[in-house]
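Mind having a look at this structure? Questions to follow.
The sequence lines fix the lettering, A, B, ..., with proteins before strands; numbering per chain opens at 1.
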Number of protein chains: 2
Amino acid sequence: MRKRETVRRTTAKEVAAAAGVSKWTVIRAFTPGSSITDESKRRVMEAAAALNYSPNLLARSLATNSTRQVAVFVDDFRNPQKLPFLETLTERLQAAGLVAMLININNHFDHVHALLHADQRQVDAVILFGTAFRDETLTDRQLGNGMPPMFVLARDSQIDGVPAVVCDAELALRDIVDHLHDRGYRRPGFMSGAPALSTALRRRQHFTDFWAGKGVSEVELLSAEKYSAEAGADSVRQYLSQSTPGNRIDVLMCENDILALGAMDEIRGGFGLRVPDDIAIVGFDNYELSGSSAYSLTTYEQPRHEMIDAIIGMIVGSIKAETMTLPGKMIVRKST
Amino acid sequence: MRKRETVRRTTAKEVAAAAGVSKWTVIRAFTPGSSITDESKRRVMEAAAALNYSPNLLARSLATNSTRQVAVFVDDFRNPQKLPFLETLTERLQAAGLVAMLININNHFDHVHALLHADQRQVDAVILFGTAFRDETLTDRQLGNGMPPMFVLARDSQIDGVPAVVCDAELALRDIVDHLHDRGYRRPGFMSGAPALSTALRRRQHFTDFWAGKGVSEVELLSAEKYSAEAGADSVRQYLSQSTPGNRIDVLMCENDILALGAMDEIRGGFGLRVPDDIAIVGFDNYELSGSSAYSLTTYEQPRHEMIDAIIGMIVGSIKAETMTLPGKMIVRKST
DNA sequence: AAAGCGTTTGCTACCGGGTGCAAGCAGGTG
DNA sequence: CACCTGCTTGCACCCGGTAGCAAACGCTTT
């Protein structure tokens, strides 16, 4: 790794010498609200501009014990939904004077590693962005001293003292089931991607509960290996090939849009069935392509901006840090 | 912003006190290859484990003048292709002991801002990941003292001393045009998204050049407002509605898959035409859904892993830092 | 037992800023 | 003109590590 020796930045001391003041006066010129005369400030700023000086945030972080860096853990880059979330998240963080450290959680770099690393880098907070972890793992870590405050985004948190910001799943599934019931569907199926995740379980549970509330007690459960279009296609293929036309579900809700798009492809391309006439489809997340005329998928949109504003509010302390559940909105299209 | 005062991390000095040695011995225990007896090391490690100590990377960075942080600039989160690139990039960076600082370049936070910020944070390098910038802007900055080394990923660089890693556009377009010509297409069109970008211009130029080489001098040029499915659809709608069936292009190459998918939707859904029978379509980037049976888009895949390994090699210095052009591969599907 | 040598350990100085206190300085007051 | 008050400025010390030198140590050699 190349060090940056060759291109040393100018320091406050150098600016001080140039401006004929002490380095503390230079620092005061760059610290809003500190006591300094306009004259001194002007001279410092002039010298600073001439020398191209700007404060070293590393040194500042060390001294103030605050880096204004936030680690963002992500583990499922297959879900295109991550991208708009990352966009909004980085934008809002930057607007709040923070910056995101993007950490990829994978087999070589698990949550414990990542958390330790983030801690060593003194981040001000950690956002677990929809990552799949076993709560126990992190609870142990939590007990160690000095871990940075953690927040869970777009997933439930069962960890004590770790708040989450999620889309209201109960409301969402109620809206969805109401809609499907209104449209006359009566033989529902639900495809989940990662049955071990509490968020997944919750969505499925609400789905079956609301159908039960409408007198439909049987919900066909499909499961995909992971969250990808192929996995969704595989799962639906398996179901369709071992069921008879007369006895099939008339609507399939998938845990997210990627599964739904894959499933829809397979239903149409692989089996020659029509959507929504033979089987209707519902997804979750309103991914960009879901609105295209090729799919026109009915789905549910998470309140992205509100969720992200909430989590940043918690981080900067303007919002009391406890789990928040925000309402999203239903997007009805031609697939139902 | 909450400071981390309440949860102070243990320091080397504290561990030293617990282990009955000086703080430098503690540091040596954590510095591979430094001279220390097994016995001292064992005692230090024991004390460190008991106190849950790990070195403060912030302090280390300040002292060594190397943060092992790499700023990654991204400006177009609409392109789903960014996601797999970000995945591979973060994974490889982490494997090399580096970490990514993700910076969103937008109207409120432009390249100059971002570069200044990255510099203040003392990053070891900056990766401009496919961002659209005017070369002049950065050249000016470049002249300021002490800027971190910059590298351009997936886009050309005209800036002096700033190497780029790109997919070989000439090779790609040659392969694509060869393929289309083989298939018998003779009336090609090209849809670009951002005509101001040199990368875009280059692809279009190669496309028309290779057709010219095959005796086809007329290439219809479409342009979309931006890189999105809707923009692709809009662009093709405009073209189709003002052209007569007999006189139309028989194949449309789009600058990337997102445009291609939007265009395909509009061609089929909006105009009732068949792909590839009426108009064939080619994209660029092999985005996940492009392979789905609904689209089955012929496209070209950039050598993502190789590109990222190359840029990281340049950053850590194992590869000589000069612009590299790597070959990708053609993915032929049913849309041609 | 003293000298010689390599390893281990401690120390000073330093990275580039921030904090809180005390000295310096101005202006207003009696 | 001395005195008080309040703002500005300088200073010692600190944040938690790293670098390089010098002292201390253990061991062999003569």
Can you identify which nucleotide, out of D/dG17, C/dT19, D/dT18, has its nearest atom closest to the B/Ala12 side chain?
D/dG17
Rounded off to whole Å, could you give me the CZ-to-P distance for the A/Arg9 and C/dC15 pair?
15 Å
d(CG, B/Asn65; P, D/dG17) in whole Å:
18 Å
Please list, for nucleotides 6-9 of chain D, all pairs of protein and nucleotide N/O atoms separated by less than 3.5 Å.
from, atom 1, to, atom 2, distance (Å)
D/dT9, OP1, A/Thr37, OG1, 3.2
D/dT9, OP1, A/Ser40, OG, 2.5
D/dT9, OP2, A/Thr37, N, 3.4
D/dT9, OP2, A/Ser40, OG, 3.4

Enter the distance from A/Arg9:CZ to B/Asn65:CG here, rounded to the nearest 0.5 Å.
10.0 Å
Give, for atom NE2 of A/His111 and atom CE of A/Met150, the distance between the pair rounded to the nearest 0.5 Å.
9.5 Å
Of all heavy-atom pairs between B/Thr90 and B/Glu87, which one has the smallest distance, and what is that distance?
OG1-O, 3.0 Å
Using whole Å, what does the distance between atom P of nucleotide D/dC14 and atom CG of B/Asn56 come to?
18 Å
In whole Å, what is the span from the CD1 atom of B/Ile27 to the P atom of C/dT12?
15 Å
To the nearest Å, give me how far apart CD (A/Glu39) and C1' (C/dC25) are.
16 Å
Taking atom NE2 of B/His305 as the centre, does the number of heavy atoms from other residues, nucleotides or ligands within less than 6.0 Å exceed 12?
yes
Is the shortest heavy-atom distance from the side chain of A/Arg121 to the side chain of B/Gln69 under 4.5 Å?
yes
Report the nucleotide, chosen from C/dG16, D/dA12, D/dT18, that has the shortest atom-to-atom distance to any side-chain atom of A/Ala63.
C/dG16
Tell me if the centroids of the rings in B/Phe129 and B/Phe73 come within less than 6.0 Å of each other.
no
Rounded to the nearest 0.5 Å, what separates atom CZ in A/Arg68 from atom CD in A/Gln94?
12.5 Å
Closest-nucleotide mapping onto DNA chain C: is B/Gly20 or B/Lys23 further toward the 5' terminus? I mean the 5' end.
B/Gly20
Please state how far atom CZ in A/Arg60 lies from atom C1' in C/dG18, giving the value in whole angstrom units.
9 Å
Between CD of A/Glu14 and C1' of C/dG16 the distance, given in whole Å, is 10 Å
Starting from P on D/dA12, measure out to CH2 on A/Trp24 and report it in whole angstrom.
7 Å
Is there a donor N/O on one and an acceptor N/O on the other, under 3.5 Å, for the side chain of A/Lys13 and the base of C/dG17?
no
